[in-house]
Each structure stands twice: as structure tokens, then as C-alpha cells.
Number of protein chains: 4
Amino acid sequence: MIEMTMAERKAFNKREKIIKSAIKIVNRRGYSGTTMEEVAAELLMTKGSLYYYFKNKSDLMFQCNSIVLLEAQEDLKRVLLDESLSIKKRLQEMVFIHIHYAIEENEVFNLIMRPEQLFSEEQLEEVLHLRDEYAAFFDKIIAKGIETKDFNTEDPIMLRMFILGAMNWIQQWYKPNGRLSKKEIQQRFWNYILKLLT
Amino acid sequence: MIEMTMAERKAFNKREKIIKSAIKIVNRRGYSGTTMEEVAAELLMTKGSLYYYFKNKSDLMFQCNSIVLLEAQEDLKRVLLDESLSIKKRLQEMVFIHIHYAIEENEVFNLIMRPEQLFSEEQLEEVLHLRDEYAAFFDKIIAKGIETKDFNTEDPIMLRMFILGAMNWIQQWYKPNGRLSKKEIQQRFWNYILKLLT
Amino acid sequence: MIEMTMAERKAFNKREKIIKSAIKIVNRRGYSGTTMEEVAAELLMTKGSLYYYFKNKSDLMFQCNSIVLLEAQEDLKRVLLDESLSIKKRLQEMVFIHIHYAIEENEVFNLIMRPEQLFSEEQLEEVLHLRDEYAAFFDKIIAKGIETKDFNTEDPIMLRMFILGAMNWIQQWYKPNGRLSKKEIQQRFWNYILKLLT
Amino acid sequence: MIEMTMAERKAFNKREKIIKSAIKIVNRRGYSGTTMEEVAAELLMTKGSLYYYFKNKSDLMFQCNSIVLLEAQEDLKRVLLDESLSIKKRLQEMVFIHIHYAIEENEVFNLIMRPEQLFSEEQLEEVLHLRDEYAAFFDKIIAKGIETKDFNTEDPIMLRMFILGAMNWIQQWYKPNGRLSKKEIQQRFWNYILKLLT
DNA sequence: GATGAATGAGAGTTCATTCAT
DNA sequence: TATGAATGAACTCTCATTCAT
């Protein structure tokens with residue numbers, strides 16, 4: 001979107017590679033369990049080098065969080081604005097997307113449990129802002145559905161929190177080879193959600 | 001329940017006091033943010049002394065988890081077995097209890113996010129067992145409700161996971177002086193749950 | 001002066017031992033050249049142990065500075081209040097004391113060159129306060145001498161700065177086996193100072 | 001003085017620019033507080049480039065020191081050799097020059113507090129040599145003054161050390177907006193010095 | 001000439017854990 | 001029982017230095 005020289009692009013790519021790597025580690029070890037050393041090792045770098053790309057650990061963690069959230073937002077937005085789909089279908093897609101991220105990017109997703117402890121004030125503000133934006137996508141489609149009488153509920157905000165909570169929690173018990181596949185979970189959760197909304 | 005000498009009882013009490021203190025700290029700082037130092041300080045002890053009562057930090061954390069879960073189990077059991085109440089009423093009470101714990105004992109409750117990282121294999125087994133037991137209380141009442149036609153759902157296990165997830169997540173956004181009081185949240189969540197079950 | 005239990009006294013002594021050790025290192029390496037590692041090694045401890053006694057490096061450095069300055073203040077005060085000595089004799093003694101410290105405790109004395117960079121605001125305030133107090137001892141005896149007509153000068157503050165500066169600088173060139181001994185330097189400097197004051 | 005090709009001259013100029021920049025930083029941050037990064041940033045370069053012009057940090061610091069000292073020497077020499085001025089007047093000018101440098105180039109001037117720590121043996125030798133040369137200018141004019149009976153003192157070397165020390169120390173307490181201006185300080189210090197010399 | 005990138009040694013700091021008393 | 005003291009491993013972060021391009 002923004003013009004970059006070759007060198008800038010290269011640096012940008014490297015930064016992204018690091019973030020992707022860090023995301024993997026965070027998903028395995030959690031935030032405080034992740035060490036700069038391990039992130040570096042995964043990339044065959046030395047930890048000192050990471051500081052060329054990121055101010056400090058908290059900065060790196062912050063960017064991990066942002067990148068995942070922004071990606072998910074992109075996916076949601078595409079569906080939200082796709083007028084070829086019915087309201088219900090759109091929400092369903094969004095639910096599927098959310099569950100996908102909750103399962104695949106379990107720790108990093110919107111799941112920093114105590115972000116106040118990890119992030120600087122400035123970062124925290126943006127983290128919370130990103131989360132709000134994310135949630136707003138769901139609010140929007142629900143509001144539309146209420147307008148069109150597809151959905152019906154009082155206090156849609158609280159209901160959205162109920163629903164997102166249920167989905168976020170999946171990562172706590174999901175196991176790749178469990179009784180139900182990701183697809184089946186998505187389908188059943190969607191059924192519950194639909195029931196709540198009508 | 002078990003016979004104890006005076007000395008044993010004294011030690012037992014002390015252990016409990018330490019756990020209660022630790023729970024407070026964990027709720028404030030999270031697991032990895034909790035230091036033995038701070039736990040000891042809260043009790044006007046030195047951290048060395050803690051090791052007389054607990055093998056190590058992980059042991060202390062484990063007991064924190066257990067005590068909260070056992071307490072909550074006690075509360076649930078009392079309601080579950082109270083035949084003077086209707087099935088629905090009983091589940092409602094249980095929901096209220098669960099939300100109460102999720103809010104008041106937010107971090108410790110059933111919420112060690114990645115227990116594999118914190119606990120030894122042995123401990124982990126028990127942690128997971130306790131969780132299962134806990135969840136089973138809900139399964140039981142739901143099963144009863146299905147029998148009596150109070151409730152109606154296929155795959156009650158999955159639905160229970162949906163519901164517990166939604167409730168567990170409350171701690172992520174609950175603020176003591178938020179728009180809705182604990183009581184109001186309990187009520188609304190109960191409404192949603194009832195809708196899902198009928 | 002203050003009541004202490006055995007244990008407290010022991011800790012106090014240890015702390016003092018560490019400070020004394022640190023002072024040696026600082027005199028050898030300068031402030032930023034001093035590492036916690038080396039201070040610990042000198043005492044056959046590990047650097048981690050230092051943190052049992054001092055909050056951080058800056059705290060240790062601060063206490064080094066304070067202890068030397070306070071000791072020197074004690075020495076000065078004893079002379080200043082010794083009414084059995086003439087004013088001139090008292091100032092002479094004080095000059096000798098100052099030169100002694102400047103030579104023997106060269107780096108730590110009042111000589112942190114850029115204290116703003118090393119100390120926290122709080123510490124800095126006390127450091128500067130201690131320095132001011134120290135200088136005030138000289139101001140007092142000079143003021144007395146002016147009263148008694150022993151001394152004669154306008155702007156005694158500026159003159160005191162001139163004199164202390166000259167003495168402080170000794171550490172920059174003093175060598176134990178140089179042309180003049182400490183005693184001779186003290187005597188000559190006193191001659192110059194007397195000339196300036198009369 | 002020495003023939004240079006265009007390219008050499010260009011490099012020479014660049015080197016000087018870097019030194020000037022470095023001097024600024026050193027005056028602000030002290031020797032060990034100065035980073036190659038910051039020096040480079042001030043010049044909109046990258047720190048890697050500095051190594052094209054200087055072997056290492058110590059080399060750069062060394063040249064900073066030299067350049068300031070050589071400049072000051074130039075100034076002193078001009079006055080020293082100006083036979084149109086009286087001996088006293090000449091010394092007065094030299095004192096003013098010295099105080100000027102002590103205030104304006106506070107950290108770099110002759111003030112590397114522990115040069116043994118920073119410089120290689122080779123460099124150290126030259127640093128000390130430059131300092132001696134510098135001091136010798138003062139020795140020369142004082143010697144002349146003694147010859148002409150303008151001044152009178154035994155051990156003029158020691159007295160010169162006393163005087164230079166007093167002046168060097170100014171940087172420890174001088175503040176741009178203090179009670180006395182630079183000019184006033186220069187005047188008073190000159191009065192003291194004159195008193196010492198007659 | 002200049003730079004982006006990487007390195008590696010070492011610094012300060014934290015903290016669970018141990019143990020003699 | 002309790003503690004003061006010490007430890008050591010691990011961690012974050014800094015920075016002078018190098019080098020291919």
C-alpha cells in the first residue's frame with residue numbers, strides 16, 4: 001500500500017518472518033514463557049539481532065498480537081461487506097472465521113490474558129482499540145440483522161460478549177484429534193448462536 | 001475428616017492461610033507474575049518459610065487451584081442435590097455460582113490457561129480430573145433436565161462447553177463498576193442459557 | 001546510635017563490607033567501569049547476592065558516595081567545633097582532611113562527575129544535599145575567620161569554590177611516588193590558601 | 001600544511017565534522033555515556049560508517065580530546081607570543097581562555113578523568129604529552145613573570161597545578177544561568193590568581 | 001564510501017530454591 | 001518452625017564491532 005524501496009521491503013519481510021516465528025513460540029509457551037533466545041534460535045539468529053528489528057520484547061509481543069488481529073479483521077471485513085450473501089450467512093462465515101483463529105492462533109489471538117501487565121500504556125491503548133474494533137464487526141452484522149428482522153434480541157452487546165466468550169474458550173479444550181473436528185465444532189457453535197439470535 | 005494431632009492441625013491451618021493469600025496474589029498478578037516473595041510478604045513471612053509448607057511454587061499454585069475448585073464443587077453439589085428445587089432452578093443457581101467464582105476468583109478458578117506449562121505430570125492429571133468433575137456437575141443436571149423434558153438439546157456435552165466457555169470468559173471483560181452489575185450479568189446469562197436449552 | 005539486634009547488626013556490617021569493597025573498585029575503575037560482578041568477586045560472593053543487600057547498582061553506588069562523604073563530614077565537624085584550636089589552625093586541619101580524602105578516596109569522594117546520569121532523582125537530591133552540607137563546613141569556618149579578622153575576602157563563596165576545586169583536582173595528577181609527598185602537598189596548598197584568605 | 005589530494009581533503013573534512021559532532025555528545029553524556037550510534041545519528045549517518053573514518057570508539061574519543069586541546073593550545077600560543085602585551089596581561093588572557101574552554105567544552109577538554117581506562121597505551125602517551133604541553137604554556141609565562149619580577153613564588157609548578165585545578169573544577173558547578181556570568185567568574189578567578197602570584 | 005544487518009560478549013536484574021542455624 | 005543469607009540459572013537488553021554488498 002505504501003511505497004517501499006527494495007531495502008525497506010526486505011527489512012519489512014524479515015520483521016514479518018520474526019513475528020510469524022514468535023507467534024509460533026507464543027502459541028506453544030505463552031507470553032511470559034516465550035524468551036527472546038528461543039525466538040531467535042527458531043530463526044537461526046542470535047537474540048541480539050532481534051533488537052535490531054524490535055525495541056524490546058514487549059514490542060515484539062505487541063506486534064504479534066496486532067498482526068494476528070489485523071489479519072482476522074481483514075477476513076471479517078471481506079465477509080461483512082459481501083452483499084451477495086444474506087445477513088445470516090455472513091454472520092455464519094464470521095463465526096467460522098473466528099473459531100478458526102481461536103483454534104489455530106490460540107494464544108496470540110485476542111487472548112492476552114492480562115495485557116495490562118505486558119504492555120506499555122501506549123501499546124495497551126492500541127491493543128484494546130484493536131479488540132474493540134474487532135468486536136464491532138460482530139456488532140455491526142448483528143445490528144443489521146436486527147434491522148432486517150433476521151435477528152431478535154435485547155442487549156445485543158451482552159449477547160455478543162456471551163457468544164465471543166464461548167468461542168474464545170474453545171482453545172482451552174480443543175485438541176486436534178478430539179471427538180469433533182474443527183468443522184463440526186464450527187457447525188454446532190453456529191447452531192447455538194443462531195438459536196440465541198432468533 | 002481425618003484424625004490429626006494438634007501440631008498437624010496447626011500446620012494444616014497455616015497451609016490454608018498461605019493458600020488463601022496466594023490466591024489473592026494470583027488473582028492480581030497471574031501465575032507467572034506471582035512471586036514467592038510477594039506471597040510471603042502478604043503473610044509477613046519470609047519466602048524461605050514457604051518451603052516448609054510447600055515443596056515448590058508449582059505445588060503451591062496447584063493447591064490454590066484445587067482449593068478454589070473444591071470449594072466451588074461443594075457449592076454446586078449442595079444445589080445439585082437439593083431436591084426441593086426444580087431442575088431449572090437448580091441449574092440457574094449453579095450458573096449463578098459459577099459466574100460468581102469466575103468473577104471473584106478470576107485468575108485461579110479453572111483458568112490456568114496453559115496448565116501443561118505450570119504443573120508436573122502428576123499434578124496435571126489431578127487438575128484435569130478436578131475440572132472434569134466440576135464440569136460433570138453441570139452435565140448431570142442437564143441430563144436430568146433432558147430426562148424430565150425440562151431441557152432439550154442434542155450433544156449436551158458440546159453445549160455445556162459452549163455455556164461454560166461463555167461464562168469463563170466474563171473475567172476477561174468484567175469490571176466492578178461496569179455498565180452491568182454482577183447480578184444483572186448473572187440474570188442475562190441465565191436467560192441466554194435457558195434459551196439454548198429449550 | 002540506634003538499637004539493633006544481633007542479626008541486624010550482622011547484616012549492617014555485611015552491607016558496610018560490601019560498600020567498602022565497592023569503593024575500592026570504583027576508585028580503580030570509575031563508576032561506569034564498575035560491575036556488580038567484580039564487586040561480588042572481590043568479596044567471594046555471586047552478583048546475585050548483592051541484590052539481597054542493595055536494590056540495584058545505582059543504590060550501591062549511592063551508598064558508597066554517602067558513606068565517604070559522611071565520614072569526611074564527621075572528621076570536619078570534629079575540627080570545626082574544636083574551640084581549643086585557633087580559627088586558622090582549624091581551617092588548616094580541614095584542608096588537610098579534605099586533601100587526604102581527595103587522594104585516598106579519589107573517585108568516590110565528591111567526585112561523581114555527572115551524577116545526574118547515574119542517580120535517580122531522589123538519590124540525586126540527597127547527593128547534592130550532602131555536597132552542599134560538606135561545602136558549608138568550609139563556609140562556616142571562613143565566615144568565622146572573617147568575623148575575627150583572621151581572614152579577609154569579598155565573595156567568600158566563590159573563593160571557597162576556587163579552593164575546593166584546586167584541592168579536588170589533586171586526584172587527577174597525584175601519584176603515590178611523585179615528586180612531593182601527600183604531606184608536602186597539603187602544606188603547600190595550605191600556604192596558597194592562606195595567602196588567598198588574607 | 002601537508003599536500004593532500006582532493007579525496008584526502010574530503011575525507012579529512014568529514015573526519016573533522018564527525019569529531020565536532022562527537023564532542024557535542026561527549027559534553028552532554030560523558031565518555032562512557034556516548035554511543036557510536038548517537039554520534040552517527042547526529043550526523044545522519046549509520047554507525048557502521050564511522051568505522052570507515054575511525055578505527056574504533058577509543059580512537060574517536062582520542063581525536064576529540066586532541067582537537068580540543070590543540071585548538072586551545074593555538075589560542076594560548078597566540079597570546080603567549082604577543083609581545084605587545086605585558087606579562088600580566090598575557091597570563092590574564094590565558095586564564096580567560098582556559099576558563100572559556102573549561103566551561104564550553106567541559107567534558108572533553110583536559111578532563112578525561114581516568115584516561116588510563118579509555119585509551120590504549122600509545123594514545124595515552126600522546127594524551128599525557130598534549131596535556132603537559134598545554135600546562136607548559138602556563139609554566140612559560142609564569143617563568144617569564146618571575147624573571148621580570150612581575151610574579152613571585154617558589155615551586156611555580158605546584159602553584160600552576162593549584163591554579164589549573166581550581167579552573168578545571170569550574171565545570172563541576174558552573175551553570176549557564178547561575179549567580180555569576182562567565183565573564184564575572186573569569187574576572188574573580190583572575191584576581192585570586194594574581195594574588196597567589198604576587 | 002556507506003550501510004543494513006548481524007553478532008557476541010557482557011551488563012544488570014529477577015527469582016525459585018537451598019540450607020545452616 | 002522459621003529465617004536470613006546465598007546461590008545460580010535464566011532473562012532482557014546494550015553496544016562496539018564486523019562485513020558483504
Side-chain angles (χ1 to χ4, degrees), chain A residues 5-8 10-11 14-15 18 32-40 43-61, chain B residues 7 10-11 14-15 32-40 43-61, chain C residues 5-8 10-11 14-15 18 32-40 43-61, chain D residues 7 10-11 14-15 32-40 43-61:
Chain A
T5 67
M6 269 272 267
E8 279 168 346
K10 221 167 147 191
K14 183 83 189 211
R15 234 193 314 270
I18 296 173
S32 67
T34 297
T35 71
M36 297 301 267
E37 185 82 48
E38 194 174 356
V39 173
L43 289 150
L44 304 177
M45 306 170 74
T46 60
K47 65 183 162 172
S49 310
L50 291 183
Y51 287 86
Y52 182 77
Y53 295 96
F54 301 91
K55 227 173 94 274
N56 49 34
K57 180 182 174 182
S58 142
D59 182 27
L60 174 56
M61 296 294 102
Chain B
K10 224 168 139 192
K14 185 84 191 206
R15 230 187 323 266
S32 68
T34 297
T35 70
M36 299 300 268
E37 184 81 49
E38 194 173 358
V39 173
L43 289 151
L44 305 176
M45 306 169 71
T46 59
K47 62 181 164 175
S49 311
L50 292 182
Y51 287 84
Y52 182 78
Y53 297 98
F54 300 91
K55 225 174 94 269
N56 50 33
K57 180 181 176 183
S58 140
D59 183 27
L60 173 56
M61 297 293 103
Chain C
T5 68
M6 271 271 269
E8 280 168 346
K10 222 166 142 191
K14 182 84 190 208
R15 232 191 317 269
I18 296 173
S32 68
T34 297
T35 72
M36 297 301 267
E37 185 83 49
E38 193 175 357
V39 173
L43 290 151
L44 304 176
M45 307 170 73
T46 60
K47 66 180 165 174
S49 310
L50 291 183
Y51 287 84
Y52 182 76
Y53 295 96
F54 300 92
K55 230 174 92 274
N56 49 34
K57 179 182 175 183
S58 141
D59 183 26
L60 174 56
M61 297 292 102
Chain D
K10 223 168 145 190
K14 185 84 189 207
R15 223 179 338 256
S32 68
T34 296
T35 70
M36 298 298 270
E37 184 81 49
E38 195 174 356
V39 173
L43 289 151
L44 306 175
M45 307 169 72
T46 60
K47 60 179 164 177
S49 311
L50 292 183
Y51 286 85
Y52 182 78
Y53 297 97
F54 299 92
K55 225 174 95 270
N56 50 32
K57 181 183 176 182
S58 142
D59 183 28
L60 174 56
M61 296 293 104

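Below, chain A is the first sequence line, B the second, and so on; all start at residue 1.
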In whole Å, what is the span from the [atom1] atom of [X] to the [atom2] atom of [N]?
X: Glu37(A); N: dA9(F); atom1: CD; atom2: C1'; answer: 13 Å
X: Phe54(D); N: dC15(F); atom1: CZ; atom2: P; answer: 20 Å
X: Lys57(D); N: dT17(F); atom1: NZ; atom2: P; answer: 8 Å
X: Ile18(A); N: dA5(E); atom1: CD1; atom2: P; answer: 10 Å
X: Asp59(D); N: dA16(F); atom1: CG; atom2: P; answer: 14 Å

Would one find a side-chain N or O of [X] under 4.0 angstrom from OP1 or OP2 of [N]?
X: Ser49(C); N: dA6(F); answer: no
X: Tyr52(C); N: dA6(F); answer: no
X: Lys14(A); N: dA6(E); answer: yes

From the list [options], which nucleotide is the closest neighbour of the side chain of [X]?
X: Tyr53(A); options: dT18(F), dA5(E), dT18(E); value: dA5(E)
X: Tyr51(B); options: dT18(E), dA6(F), dT13(E); value: dT18(E)
X: Asn56(B); options: dT17(E), dG4(E), dC11(F); value: dT17(E)

Watson-Crick or G-U counterpart of dT21(E), or none if no pair lies under 3.5 Å
dA2(F)

Please confirm whether any donor atom in the side chain of Lys47(B) sits under 3.5 Å from an acceptor in the base of dT3(F), or the reverse.
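Such a pair does not exist between side chain and base.
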
